[in-house]
2 protein chains.
Amino acid sequence: MTKKRSSNRPTIADVAERAGVSAITVSRALREPQKVSSELRRAIDGAVSELNYVPDLNARALASSRTDVVAVLVPSLTQHIFSDVVRGIYDGLEDSGLRIELANTRYSAELEEQLVFGIMRHRPAAVIISGTEQTARTRKMLEAAKCPVVQIMDLTDDPIQKIIGFSHERAGLEMTRHLIEAGYRRIAFFAGWMNARSLQRHGGYRQAMEEAGLYDPDLLGQRSNDNPEFSRGSRQDFHQFSSTVMGRELMLEMLERRPDIDAVFCNNDVLSLGALFACQAKGVAVPQQVGIAGFNDFDFMAAAEPPLTSIRIHRWRCGFEAMKAVQGQLNGEPVGEPVVDLGFEIIKRASTDRNGEVAAAAQEAPPLALS
Amino acid sequence: MTKKRSSNRPTIADVAERAGVSAITVSRALREPQKVSSELRRAIDGAVSELNYVPDLNARALASSRTDVVAVLVPSLTQHIFSDVVRGIYDGLEDSGLRIELANTRYSAELEEQLVFGIMRHRPAAVIISGTEQTARTRKMLEAAKCPVVQIMDLTDDPIQKIIGFSHERAGLEMTRHLIEAGYRRIAFFAGWMNARSLQRHGGYRQAMEEAGLYDPDLLGQRSNDNPEFSRGSRQDFHQFSSTVMGRELMLEMLERRPDIDAVFCNNDVLSLGALFACQAKGVAVPQQVGIAGFNDFDFMAAAEPPLTSIRIHRWRCGFEAMKAVQGQLNGEPVGEPVVDLGFEIIKRASTDRNGEVAAAAQEAPPLALS
DNA sequence: CTGTTAGCGCATTCAG
DNA sequence: CTGAATGCGCTAACAG
């Protein structure tokens, strides 16, 4: 009878035999070297490299009912805001030996639920998930998972376990106040893709405008969300809805429809870039005739002509801290603060500098340091 | 004696008992429903949902020595070129039930080798990996893996199994020829982060320039690659090296050092955007005084003022096709063509339209009225 | 510090 | 179409 061993990869038993020890000693030498005498350790290491032994993590997962996979769910892979978050997560990995299973929820709570269900079958070591709009079933699965769960990129009083993010509403509020203080009055809001967080930002904008007696619902630039492309099967993603092209279109339309506007607050830097190009194309002076502000503070905002005002959010850090929180809990540390507010900063640049204050300062220290 | 069962999740045996069948029938009903009578299937489905049974994929992986994990390795998560590829890969997943383990190689072949080693311990169903610059050991591991391996985003005569991409050298060549045909002569090349593919693009540029007797090595704008930040532990990624800020800096430097240049071919659209802003800041007319071309054709290129010429590459499709190729092989289909060239398109826009052929009317607009 | 025993939960034979 | 026996490769729990 032939042995069942379909693959002829060496197993831990082969290593044990070769090193003249038992399998469990090999297992220990690999996972907790300090618990094995250096003599045996040397023999085992030798056998491992001679045999080219590679542990089977699936078997390990089954035997120990633990894995080294951290599941990460984000609504988009192409919006830099999330790719930066994901990069922060990866940078937080370092040499932890953990691995990332990344899932794309496409801003759909239903799809997210399906993905979480699939992920649970893997028994992940931890879950990092964006936002707070999980379905009831998703939340239940996550609560039942008995592993660290960290929500990111938003805030709530009622996190599943822990949430690390910032207030979109306050950010929208403060930026709008900045625009009002700068002297702008008819401030449009460009929405792009209206997800829950966009709505919060708009809520802040609305509050600030109402406080100042300036709110006008007509000053909203957006596209319908009722687009069949957003359905699950879509391959288009929704990325076209927060594109520079759309920012340009929205601005051209707004200049046509409401030529009296004197500023636009864009829900997304990418839109604000398009708005700037529209102004350039129409000969509209920024910031004198129209002020422009974005959201996220991507790198191009500082490089634009004129440099564009934005809200710097700590997206990289959000991912990084989430990963560190996961690792801490995996090491047995307590959960700590359930709500971590990373804050944000209003970065004032020339595009909203109607009175030339920033420009005056910039005379002394040019924004771009050349080599 | 207590049962070992640490977790009290239901197992396939519990379902079997409840449904009055054997475990293997449950297993089959779940994986190949058509091989089980509809009567039993109903009973099993009932038991599954009553018990809330969720199969343990780690056990399945161990028993079948197969997994549903596709490992994907890319050099960066934040450059849109790769986030678009990754999105294509995800869009290709559809309902295949496959999962993605995504790894970030940070443009380091050594890190890539370590990551591949780690991934192999998971016995992935397939591997999708960017480029052709794997180390010898990486290649060996991949060849030994006995699973589908697809390389992407480049071409080579000697793929590990299959490669899907396009020729960076030809793209560089054809864009440079376009610039020369448009009447430009002193054409600078902005490199940004000089990886293997950037070098190929530059090779194409150089060839075209030499053919025309125009090559001048002094017309290169780049930053040193010998930056310690690029080392493995870096949290900065190299993203600053292909940023809009850097494009602006490179252009300002070049205008200073070689005021005679009449065009720049940027290795990356993001750089070209910065170059455009630099021209605007200095009052340099695009495309009349200086032509600008990029690489990738990101969405903002069409929205810029003036719209920017670029090379459209099929990055989304590259990811999508790679995923489809993987699925095909997993379904037992042959590998097919080992080298799949997806090509590229030169997208000519106003920024290189020196003679006003593309958009005569669009250039009527008055010069930018910005400070 | 090291070894023995006994599974982890499922899928692969091969029978019926 | 269904089932019984067996082991995938590793590690937990105890013992020595």
Side-chain angles (χ1 to χ4, degrees), chain A residues 1-44 47-48 51-68 120-123 125, chain B residues 1-44 47-48 51-68 97 120-123 125 146:
Chain A
M1 301 301 116
T2 44
K3 278 263 185 64
K4 256 301 185 40
R5 293 275 294 287
S6 52
S7 113
N8 36 16
R9 302 196 196 213
T11 73
I12 201 168
D14 299 325
V15 177
E17 188 181 11
R18 177 139 189 152
V21 299
S22 73
I24 188 65
T25 304
V26 176
S27 174
R28 276 200 275 260
L30 262 29
R31 289 174 301 131
E32 316 169 283
Q34 74 284 3
K35 288 198 173 180
V36 171
S37 70
S38 56
E39 196 180 1
L40 288 187
R41 209 161 50 203
R42 270 221 322 280
I44 290 168
V48 164
L51 261 41
N52 238 304
Y53 168 70
V54 177
D56 183 327
L57 294 186
N58 297 122
R60 176 177 292 178
L62 178 58
S64 66
S65 63
R66 263 184 275 110
T67 67
D68 56 357
M120 283 310 148
R121 317 198 314 173
H122 273 178
R123 321 260 151 133
Chain B
M1 301 302 114
T2 44
K3 278 262 183 64
K4 255 306 186 36
R5 294 273 295 284
S6 53
S7 115
N8 36 17
R9 302 196 195 212
T11 72
I12 201 167
D14 299 324
V15 177
E17 189 181 11
R18 177 139 191 152
V21 298
S22 72
I24 186 61
T25 305
V26 176
S27 173
R28 277 200 274 259
L30 262 29
R31 289 173 301 128
E32 316 169 283
Q34 73 285 4
K35 288 199 173 178
V36 171
S37 69
S38 56
E39 196 181 1
L40 287 188
R41 210 161 49 203
R42 271 221 322 279
I44 290 169
V48 164
L51 261 39
N52 236 306
Y53 168 70
V54 178
D56 183 328
L57 294 185
N58 297 123
R60 177 176 290 179
L62 178 58
S64 66
S65 62
R66 262 185 273 109
T67 68
D68 56 357
M120 284 310 147
R121 316 198 313 172
H122 273 179
R123 321 262 149 132
K146 303 198 173 174

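To find a chain, count down the sequence lines: A is the first, B the second, and so on, and within it residues start at 1.
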message: I need the CG-P distance between A/Asp56 and C/dC8, as an integer number of Å.
response: 18 Å
- request: Can you sort out the partners of A/Ala63 under side chain to side chain contact (heavy atoms under 4.5 Å, CB included), two or more places apart, ordered by chain and number?
  value: none
message: Nearest whole Å is fine: how far is C/dC1 C1' from A/Ile44 CD1?
response: 12 Å
- request: Could you tell me the separation between the OG atom of B/Ser22 and the CG atom of B/Leu40, rounded to the nearest 0.5 Å?
  value: 9.0 Å
query: Between C/dC8 and A/Ser65, is there an OP1 or OP2 to side-chain N/O distance shorter than 4.0 Å?
result: no
message: How about CZ on A/Arg121, more than 12 heavy atoms from neighbouring residues, nucleotides or ligands closer than 6.0 Å, or not?
response: yes
- request: Answer yes or no: are there more than 12 heavy-atom neighbours, outside A/Glu39 itself, under 6.0 Å from its atom CD?
  value: no
B/Lys35 NZ to D/dG3 P, straight-line distance once rounded to whole Å: 15 Å
query: In residues 17-25 of chain B, what residues come within less than 4.0 Å of DNA chain D, judged by heavy atoms?
result: B/Val21, B/Ser22, B/Ile24, B/Thr25
Listed partners of B/Arg28 passing salt bridge (Lys or Arg N to Asp or Glu O under 4.0 Å), at least two apart: none
field: Base C/dG3 paired with A/Arg28 side chain (donor-acceptor, <3.5 Å)
entry: yes
- request: Between D/dT2, D/dT11, C/dT12, spot the one nearest the side chain of B/Val36, thanks.
  value: D/dT2
- prompt: Rounded to the nearest Å, what distance is computed from the CD atom of residue A/Glu32 to the C1' atom of nucleotide D/dC10?
  reply: 14 Å
field: Any A/Arg60 side-chain nitrogen or oxygen under 4.0 Å from OP1 or OP2 of D/dG9
entry: no
- request: Using side-chain contact (heavy atoms from CB on, under 4.5 Å) as the criterion, point out the one residue from A/Val36, A/Val15, A/Asp14 that pairs with A/Val26.
  value: A/Val15
- prompt: How do B/Ser37 and B/Ala59 order along DNA chain D: which one's closest nucleotide is nearer the 5' end?
  reply: B/Ser37
- request: Let me know the distance between CG of B/Leu62 and P of D/dT11, rounded to the nearest Å.
  value: 11 Å
- request: To the nearest Å, give me how far apart CG (B/Asp14) and P (C/dC10) are.
  value: 9 Å
message: Check this one for me: any side-chain N or O of B/Arg66 less than 4.0 Å away from OP1 or OP2 of C/dT12?
response: yes
- request: Give one of base, sugar-phosphate or nothing for A/Leu40, where a contact means two heavy atoms less than 4.0 Å apart.
  value: sugar-phosphate
- request: With heavy atoms under 4.0 Å as the rule, sort A/Glu39 into base, sugar-phosphate or nothing.
  value: nothing
query: Among D/dA12, D/dC8, C/dG3, which is the nearest nucleotide to the side chain of B/Ala63?
result: D/dC8
statement: When rounded to whole Å, the CZ to P distance for the pair A/Arg123 and D/dC10 reads 20 Å
message: Please evaluate residues B/Leu57 and B/Thr67 with respect to the criterion side chain to side chain contact (heavy atoms under 4.5 Å, CB included), reporting the C-alpha separation (whole Å), side-chain torsions for both, the decisive distance (0.1 Å), and the verdict.
response: CA-CA 8 Å; B/Leu57 294 185; B/Thr67 68; over 6 Å; no
message: Output the rounded distance in Å from CG (B/Leu30) to P (C/dC10).
response: 9 Å
